[in-house]
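This structure is a prediction, so every number in the text was calculated from the model and none was measured.
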Amino acid sequence: CGVMAFWSEEPISGFLMIFMVILSIGGIGLCTYWILETIVWKVIISKDSIAVKSIFGLNSLRFEDAIGFRTIENNIIIFPKDSSKKKIKTSAYVERSSEFTDWLGANFVNLDLQDVVNDTIEILSNEELGFTSEIREQALDRARIVTRIVNILGYGLFFWILFYPRPYLVALSIGIFYPFTVLIVLFFYRGLIKFNERVATAYPSVFYGFLMGGFGVSIRALLDYEILDYSQLWIITLIGAVVLLFVVLFSGIEPLKFKTTVDYFTAISIFLLFWVYSFGAYVVSNCLYDQSNPTQYETQVVDKEISNGKTTTYYLKLNPWGPRSEIEKVSVPEEDYNKAEIGERVTVYLKDGFFKTPWFYVIVN
């Protein structure tokens, strides 16, 4: 593994050759590391300490010096009381993993479980959520049901928009406005529902409802529409993302104290999510609701291209037309791709855009 073979009819530049050689050497080195680590790596448990042996040496921690453990993705991490000491990191899939997990639970504090317990105590003692603990517990149960519905609908909307957006106007319109519905739910249940997804928490989250609903619209924006100039669009969607972030962080929906690295990482992650959604919502709204009269330009197909990935995209390479001064490729539906022949004349329709961001589409004559 790690060796990349390549072949091309075209001459390969010296820079590309050097890059491919470095990439292959890096792959070989990485595979060698994995093999050696698999051979050497082991967990060593004694009567008063736990250690992990790797190719970089032995890392040990006394039981009395540990504060507890967490399960993060596929790893179990034991944290020391003294932050200057190294953590003990092991795979969650070690040999006899169930016995190892039981042993950890018997000898160390499960910090994930502790977080859930602390969150539950915090919720049930928050008098703003109800006069009695029974009322607050019922409110938490309702919030969990609501978030489950919101997230399921988000996934359903994603698959509807991506794989069968019919009727198109209805599907995309719901996709544009659904994330706002998620934010309304967040505001209504603030203090009970969180936006950000955390593994170890008693607070239900609508993260995936927002993510999937907005992500479907963003993919459709890339697949279905061609914007004439993206420079203005990036600025507008950036502003939109900042506004959404401000609303979420400073309106009591998702309060962050910005005292830890996790807080800053959370804020950046939410911002990027909002930027992706803002891009999709802006592009689709600008094109879907545009009622302007198009300007027509005639041009010629000079080549065709198919891009295969998670989705298949069809491109036509067109001669310069209207404001375009160079040959460029434009995505088109599969039907138009199959109809178009190299050298054939096609018509480009340029429209003003609902938000005055010009966009265009191609019709094969």
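In terms of heavy-atom proximity, Gln300 sits nearest to Gly343 at NE2-O, 2.9 Å. Contact detail for Pro320 and Thr299: the closest heavy-atom pair is O-OG1, 3.6 Å. Contact record, Ile78 with Ala66: CG2-CB, 3.9 Å, taken as the closest heavy-atom pair. What you find for Thr347 and Glu298 is that their closest heavy atoms are OG1-OE2, 2.9 Å. Scanning all heavy atoms of the two residues, the minimum distance from Ile176 to Ala281 falls at CG2-CB, 4.3 Å. Minimum heavy-atom separation, Leu244 to Ser278: CD1-OG, 4.0 Å.
To the nearest 0.5 angstrom, Ile50 atom CD1 is 4.5 Å from Ile45 atom CD1. Of the inter-residue distances, the one linking Leu233 atom CG with Leu238 atom CG reads 11.0 Å to the nearest 0.5 angstrom. A distance of 8.5 Å separates NZ of Lys87 from CD1 of Ile72, quoted to the nearest 0.5 Å. The distance from the CG atom of Leu113 to the CZ atom of Arg70 is 11.0 Å, given to the nearest 0.5 Å. The CD1 atom of Ile219 sits 9.5 Å away from the CD1 atom of Ile161 when rounded to the nearest 0.5 Å. Atoms CD1 and CG, from Ile77 and Asp112 in turn, are 10.0 Å apart once rounded to the nearest 0.5 Å.
Using modelled atom types, one side-chain atom of Arg136 and one backbone atom of Gly130 make a donor-acceptor pair closer than 3.5 Å. Here the side chain of Thr312 pairs no donor or acceptor atom with the backbone of Asn308 at under 3.5 angstrom. Using a distance-only test at 3.5 Å, with no hydrogens or angles considered, no donor-acceptor pair links the side chain of Thr147 to the main chain of Pro204. Side-chain N or O atoms of Ser205 include one that pairs as donor or acceptor with a backbone N or O of Phe195 at under 3.5 Å. With hydrogens and angles ignored, the 3.5 Å screen pairs a side-chain donor or acceptor of Asn286 with a backbone N or O of Phe354. Between the side chain of Arg220 and the main chain of Gly280, no donor-acceptor pair closer than 3.5 Å is present. Within the 3.5 Å criterion, the main-chain N or O of Ser331 finds a donor-acceptor partner in the side chain of Glu226. Asn196 places no side-chain N or O within donor-acceptor distance of the main-chain N or O of Ala267, the cut-off being under 3.5 Å. Here the side chain of Asn319 pairs no donor or acceptor atom with the backbone of Val302 at under 3.5 angstrom. No donor-acceptor distance shorter than 3.5 angstrom exists from the side chain of Lys42 to the backbone of Lys53, with no hydrogens or angles considered.
More than 12 heavy atoms of other residues, nucleotides or ligands shown are found within 6.0 angstrom of OH on Tyr225. Surrounding CZ of Phe207 are more than 12 heavy atoms belonging to other residues, nucleotides or ligands, all under 6.0 Å away. Under a cut-off of 6.0 angstrom, the local environment of NZ in Lys304 is crowded, with over 12 non-hydrogen atoms contributed by other residues, nucleotides or ligands. Counting heavy-atom neighbours within 6.0 Å of Tyr230 OH, excluding the residue itself, gives a total above 12. Remark: Asp48 CG is packed, more than 12 non-hydrogen atoms of other residues, nucleotides or ligands lying under 6.0 Å away. Annotation for Tyr289: atom OH counts as buried by contact number, over 12 foreign heavy atoms lying within 6.0 Å.
A 4.5 Å side-chain heavy-atom check between Asn59 and Ser54 finds every atom pair outside the cut-off. The shortest distance between side-chain heavy atoms of Tyr189 and Tyr203 does not fall below 4.5 Å. Within the 4.5 Å cutoff, no side-chain heavy atoms of Asp336 are placed close to those of Val346. Put simply, the side chain of Arg148 reaches to within 4.5 Å of the side chain of Ile145, judged on heavy atoms. Residues Leu124 and Glu137 form a side-chain contact, since some pair of their non-hydrogen atoms from C-beta on lies under 4.5 Å apart. Between Glu328 and Trp321 the shortest side-chain heavy-atom distance falls below 4.5 Å. No side-chain heavy atom of Phe215 sits under 4.5 Å from any side-chain heavy atom of Leu162. Side-chain contact check for Phe159 versus Met212: every heavy-atom pair is 4.5 Å or farther apart.
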Exercise. When you look at Val52 and Lys89, which way does the side chain to side chain contact (heavy atoms under 4.5 Å, CB included) test go after all the steps?
Worked result: CA-CA 8 Å; Val52 171; Lys89 182 178 179 181; over 6 Å; no
Problem set entry | Derivation of the side chain to side chain contact (heavy atoms under 4.5 Å, CB included) call for Ile88 and Phe69 | CA-CA 9 Å; Ile88 297 291; Phe69 73 95; over 6 Å; no
Problem set entry | side chain to side chain contact (heavy atoms under 4.5 Å, CB included) between Cys287 and Ile227, worked out | CA-CA 9 Å; Cys287 304; Ile227 300 297; 4.1 Å; yes
Exercise. Do Val348 and Arg324 pass the side chain to side chain contact (heavy atoms under 4.5 Å, CB included) test, and can you show the C-alpha distance, the side-chain angles, and the key distance before you say yes or no?
Worked result: CA-CA 11 Å; Val348 179; Arg324 295 299 202 201; over 6 Å; no
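Aromatic ring orientation, Phe163 versus Phe158: perpendicular (interplanar angle above 60°, classes split at 30° and 60°).
With sequence neighbours excluded, the residues that form a ring-ring contact (aromatic ring centres under 6.0 Å, His included) with Phe355 are Tyr282.
Among Tyr155, Phe274, Tyr178, the single residue meeting the ring pair (Phe, Tyr, Trp, His ring centres under 6.0 Å) criterion with Phe210 is Phe274. Of the candidates Leu318, Leu316, Asn338, Val332 forms a side-chain contact (heavy atoms from CB on, under 4.5 Å) with just one, namely Leu316.
Remark: the Tyr168 side chain and the Asp224 side chain contain an N/O donor-acceptor pair separated by less than 3.5 Å.
A centroid separation of less than 6.0 Å is found between the aromatic rings of Trp103 and Phe63. Here Tyr315 and Tyr337 keep their ring centres 6.0 angstrom or further from each other. Within the 6.0 Å centre-distance limit, the rings of Trp275 and Phe271 are counted as a close aromatic pair.
Ile327 and Val362 fall into different hydrophobic clusters, where Ile, Leu, Val, Met, Phe, Trp and Tyr side chains are chained together by heavy-atom contacts under 4.5 Å. Note: the hydrophobic cluster containing Phe360 does not contain Tyr349 (ILVMFWY, side chain heavy atoms under 4.5 Å, direct or indirect links).
Salt bridge annotation for Lys81-Asp65: absent, with no cationic side-chain nitrogen under 4.0 angstrom from a carboxylate oxygen.
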